[in-house]
Amino acid sequence: MTPADSDALRFPDRFRWGTSTSSYQVEGAVSADGRGESIWDRFCRVPGAVENGDTGDVACDQYRRGAEDIALMARLGTGAHRFSLAWPRIQPDGRGRVEKRGIDHYDRFIDGLLAEGITPLVTLYHWDLPSALQDAGGWRERDTAKRFAEYAAVCFDAFGDRVRDWVTINEPWIVGLLGHQLGLHAPGEEDLKASVTVMHHLLLAHGLAAGELHARGRDDARAGIAYSLFPSVPDDPADPADVAAAAGSDGYVNRWFLDPVHGRGYPEDMREHWERAVGELDFVRDGDLGTIASRSDFIGVNYYTRRIIGAGGGDGPWPWSVRPGRDDVERTGLGWEIVPDDLERLLVRLHRDYPGVPLLITENGAVYDDGPGDDGAVHDERRIAFLDGHLRAVHRAIAAGAPVEGYYHWSLIDNFEWAMGYRPRFGLVHIDRATQRRTVKDSGLWYGRLAASGVLPPRGGAHR
Ligand code: FCB
């Protein structure tokens with residue numbers, strides 16, 4: 001029997017309730033302690049690249065306020081936190097020399113989390129590539145995958161005694177699409193062949209790094225990618241052309257990454273699309289697919305919304321196009337459709353297509369612009385409703401057998417949202433940009449109570 005919204009739902013005992021951030025989006029302090037320049041430092045300086053001329057120079061100043069933010073998490077009562085290491089803090093030149101002050105910083109941060117009983121989930125690459133590597137060609141170059149494996153090994157040696165779970169790469173599709181195809185993210189390239197090359201090198205980097213991790217012999221250590229997964233829904237489900245178009249778009253966005261990592265190679269249908277668009281995929285060398293598939297221990301699911309796809313009307317080189325969302329579906333403050341049912345279907349489908357692979361929801365969240373009212377509190381009821389809807393969907397997926405181990409809400413705190421600057425607010429914690437003052441939103445208090453009890457209250461009801 002499907003539970004009703006009026007039911008309280010108990011989650012599995014060991015379910016991890018977490019929050020999520022990334023280095024460039026929260027740290028600031030971009031020249032502190034020998035940090036090298038990253039491609040985002042540079043991109044933010046390109047006129048018009050980021051709304052309002054915003055940069056990550058200060059962000060949430062978390063590099064300096066790490067202890068305060070850990071105390072916040074402890075106050076919330078969440079038991080897990082996903083964050084990323086800034087490669088240019090650890091290897092300012094992207095290769096060779098290791099900056100001890102960068103290592104010391106993350107040592108303190110990890111120890112601080114553990115002291116509060118918060119389990120770290122560490123991302124190695126959340127988009128802040130050292131500029132020195134970009135100058136040598138960045139992810140277009142195969143060598144960058146090797147440099148990444150070297151950097152990963154440094155991190156495993158430094159933190160692997162305390163960190164068990166590692167996200168190697170965040171969202172390879174978005175890096176290819178926004179960074180190299182559309183020029184909307186760093187490094188700002190617009191080159192279709194470069195984008196597919198980059199995506200391959202990111203997968204290769206993952207495979208090499210996972211190999212480094214497992215060569216170190218900590219049996220319980222795990223590595224996985226956090227994918228930007230967008231369910232593709234046919235515009236007209238009764239029209240075979242739209243159904244085929246949605247399957248194509250799924251190949252482009254989702255299967256192109258999941259299939260090779262889980263041993264199925266690049267999907268043939270999408271390979272044909274790519275070859276028609278850019279010619280031979282000559283950057284795929286013998287043995288690469290073996291490396292990419294060598295071992296992944298979980299699937300990181302970043303889920304925000306779906307894509308409605310229709311045949312023809314091509315976006316770029318593909319024989320399909322993204323259609324507007326439905327009028328009767330609610331939207332977040334960024335206009336993204338809110339469709340928890342698609343998260344449920346996605347999780348069940350991952351379980352079906354990649355059986356036995358643990359699933360971690362590494363990102364999910366929504367923009368709402370609520371700020372402190374006269375009473376000083378932030379009454380972001382819409383975010384609570386968003387959370388409630390998505391967590392009910394997760395619960396249904398678990399009941400259907402999907403091995404979902406945890407949920408990391410994006411984001412802990414309002415932060416630097418890439419090309420949109422500071423405008424979108426995704427946080428469970430509000431930040432006052434002028435003073436850096438943090439205020440836990442009602443959603444943060446609600447989420448903390450959920451984390452403590454493991455029980456989702458009836459919709460609109462209170463936690464017991
Ligand atoms: C994802 C990114 C994350 C954040 C959210 C809103 O694509 O991984 O850094 O920007 O979107």
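Numbering of ligands and ligand atoms starts at 1, following listing order. For reference, positions follow the sequence shown, starting with 1.
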[atom]: the protein heavy-atom neighbour that sits closest, reported with distance to 0.1 Å:
atom: atom 2 (C) of ligand 1; result: Glu363 OE1, 3.4 Å
atom: atom 10 (O) of ligand 1; result: Glu417 OE2, 2.5 Å
atom: atom 5 (C) of ligand 1; result: Tyr304 OH, 3.2 Å
atom: atom 7 (O) of ligand 1; result: Glu171 OE1, 2.5 Å

Should the pair Tyr354 and His262 be assigned to parallel (<30°), tilted (30 to 60°) or perpendicular (>60°) ring geometry? tilted

How are the rings of Trp256 and Tyr266 set relative to one another: parallel (under 30°), tilted (30 to 60°) or perpendicular (over 60°)? parallel

Rounded to the nearest 0.5 Å, what separation is found between the CG atom of Leu359 and the CG atom of Leu229? 10.0 Å

Flag [X] as yes when one of its N or O atoms lies below 3.5 Å from any N or O atom of ligand 1, and as no otherwise.
X: Trp418; result: yes
X: Trp127; result: no
X: His126; result: yes

Tell me whether the guanidinium CZ or amine NZ of Arg89 lies under 6.0 angstrom from the six-membered ring centre of Tyr63 and within 45° of its axis. yes

Could you pull out all donor-acceptor pairs under 3.5 Å where a side-chain atom in residues 172-181 meets a protein atom, sequence neighbours excluded?
unit_1, atom_1, unit_2, atom_2, d
His180, ND1, Glu189, OE1, 2.9
Gln181, NE2, Ser195, OG, 3.4
Gln181, NE2, Tyr252, OH, 3.3

Contact partition for Asn170 relative to ligand 1, non-hydrogen atoms under 4.0 Å: side chain

Element-labelled atoms of ligand 1 that are located less than 4.0 Å from some non-hydrogen atom of Gln25: 3 (C), 4 (C), 9 (O), 10 (O)

Run the ring-centre check on Trp166 versus Tyr125 and record whether the distance is less than 6.0 Å. no

Correct closest heavy-atom pair for Asn415 and Gln25 would be CB-O, 3.1 Å

